[in-house]
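This report refers to the structure that appears directly beneath it.
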2 protein chains.
Amino acid sequence: MVNMIENRDKSLVKWLGDTSLFVGMEEQYLQELSGIAMVVSYKRRATIFSEGDPGNGFYLVKEGKVKIYMISPDGKEQILHIFGPGDPFGEVAVFASQSFPAHAVALENSRLVFLPRDDFVKLVAANPALALNLLATLSQRLCQFTKMIDALSLKEVPGRLAAHLLYLSKKQVTGDHLQLELSKTQLASLLGTIPETLSRMLSKLQREGLIVIEGASITIVDREGLVDLAEIGKF
Amino acid sequence: MVNMIENRDKSLVKWLGDTSLFVGMEEQYLQELSGIAMVVSYKRRATIFSEGDPGNGFYLVKEGKVKIYMISPDGKEQILHIFGPGDPFGEVAVFASQSFPAHAVALENSRLVFLPRDDFVKLVAANPALALNLLATLSQRLCQFTKMIDALSLKEVPGRLAAHLLYLSKKQVTGDHLQLELSKTQLASLLGTIPETLSRMLSKLQREGLIVIEGASITIVDREGLVDLAEIGKF
DNA sequence: CGATCAGTTGACAATACTCAAATACTGTGG
DNA sequence: CCACAGTATTTGAGTATTGTCAACTGATCG
């Protein structure tokens with residue numbers, strides 16, 4: 001029994017050390033970290049936190065997939081992030097507002113590592129490398145948001161869609177073939193539009209010979225054309 | 001002569017220590033900081049950096065006003081931030097991308113404090129309080145961007161305008177009377193629209209008895225109504 | 001196997017952008 | 001200090017992208 005726990009702890013330490021946030025941290029700190037960490041399970045569709053909830057700590061995705069989103073009074077949703085294994089989320093509440101600025105739900109059955117605020121802040125204060133990793137993470141996220149604002153304000157739906165398809169094709173290594181990693185409804189919400197419009201735009205791109213659609217599987221036929229679309233933002 | 005320089009340095013140290021980023025830092029570190037800092041002047045409309053430029057450091061506004069923005073190929077502009085005295089900008093490039101994700105120009109004749117990347121990173125690594133201040137700053141900015149994405153995606157122009165007017169009236173202490181702190185063209189760009197639309201929406205709010213407009217000076221007549229608009233996002 | 005949900009398509013409405021023109025401002029040089 | 005040039009702001013008319021509502025199909029899940 002003791003053994004099992006030690007094993008579990010050991011593997012958690014190892015896992016934490018492979019995380020982008022904690023990569024390269026000394027064993028000693030990883031031990032401390034794993035000491036204050038709690039692993040929690042969430043079922044598909046379960047709420048992890050809601051906008052305005054007090055942020056007493058933040059999370060790392062261990063297994064599964066998490067969606068961070070906002071919602072308007074009349075129910076329209078805008079996805080901010082989709083996070084997968086290794087990704088941290090909710091740090092903002094730890095360092096600034098004390099309360100979460102958006103909602104989080106599990107998209108699949110997930111296991112998360114929860115790190116409580118106060119203990120974690122102490123660890124950051126004692127560990128410059130960790131602080132710099134955190135600064136890098138937040139900075140990257142700021143860049144992502146910059147691009148999202150750019151897309152929402154300066155591009156139209158076809159442009160955003162084209163940019164997303166190119167992003168997926170770069171991320172996945174399968175050449176001109178790619179998988180939408182989200183249901184089309186969720187993708188619409190990520191791109192700041194609605195399912196009907198997304199559906200029409202996908203058909204349009206196919207009709208104009210830029211892509212071929214087979215369910216969630218897309219083949220890029222005219223990459224040039226997509227790049228043009230993504231840059232200019234219109235037809 | 002030596003005296004003058006000492007005076008200058010001393011006042012820079014003092015000024016840095018009053019900045020939100022460096023508040024509460026020990027004298028010793030402030031001295032170091034002021035040692036690596038350079039004060040630079042920019043004339044109104046001068047470019048400070050452009051998207052993609054290598055980020056060899058970041059800036060603090062000492063005097064003046066700076067606009068951070070993106071621009072689409074066909075010339076439409078989206079303002080991300082307006083920064084004034086005491087505000088830092090360009091940190092993102094220091095900690096993540098190494099290159100600036102947006103453009104920066106001086107809106108007025110300005111004096112900026114430039115802090116070079118490498119020296120500054122060393123200082124952060126040696127100074128946990130500074131690291132935590134930076135984390136708080138970046139986290140707050142992330143929250144602001146979250147709100148901006150929310151506004152762009154989930155609210156229509158009248159809603160964004162109403163939210164901005166309420167924000168100004170909270171920031172300025174003058175009760176129901178407020179000043180737009182930007183030209184209407186610039187405000188349009190901040191709200192993700194164009195001058196024509198902004199002009200029409202201001203008239204509309206006035207026509208419906210929510211505000212009274214006198215140039216750049218606005219009086220809120222029906223605060224309730226504005227709040228409703230800002231929350232729901234539509235008419 | 002029925003029910004709920006995801007996706008698609010059509011007809012329509014509306015918000016916001018484009019283009020154009022008139023008017024009011026601002027700042028600069030003479 | 002005024003005249004002029006270049007901006008900023010406002011208003012009008014028309015267009016377009018995208019959202020709304022509704023109906024229908026097909027998939028998924030108890």
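Taking CG from A:L154 and CG from B:D74, the interatomic distance works out to 7.5 Å, rounded to the nearest 0.5 Å.
Between the CZ atom of B:R44 and the C1' atom of D:dG6 there is a distance of 13 Å, rounded to whole Å. Between A:K204 atom NZ and D:dT18 atom C1' the separation is 11 Å, expressed in whole Å. The distance between atom CZ of A:R207 and atom P of C:dT8, rounded to the nearest whole Å, is 13 Å. Straight-line distance from the CG atom of A:L154 to the P atom of C:dA16: 16 Å, rounded to whole Å. Rounded to whole Å, atom C1' of D:dT17 lies 15 Å from atom CG of A:L161. In this structure, A:I194 atom CD1 and D:dT17 atom P are separated by 15 Å, rounded to whole Å. Between the CD atom of A:E214 and the C1' atom of C:dG7 there is a distance of 17 Å, rounded to whole Å. Per the geometry, CG belonging to A:L205 stands 14 Å off P belonging to D:dT17, to the nearest Å.
Within the structure, the side-chain hydrogen bond (donor to acceptor under 3.5 Å, both in side chains) test picks out no pair touching residues 45-62 of chain A (sequence neighbours left out).
When each of A:K65, A:K171, A:Q186 is checked for a side-chain hydrogen bond (donor to acceptor under 3.5 Å, both in side chains) with A:E181, only A:K171 meets the rule.
Across every non-hydrogen atom of A:A106 and A:I48, the tightest pair is N-CD1, 3.8 Å. Considering every non-hydrogen atom in both B:G192 and A:S153, the closest pair reads CA-OG, 4.1 Å.
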Contact pattern, 5' to 3', of nucleotides 7-13 of chain D - B, S or - by protein heavy atom under 4.0 Å: -SSSBBB
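Shown here are the side chain to side chain donor-acceptor pair (under 3.5 Å) partners of A:K43, two or more places apart in sequence or in another chain: there are none.
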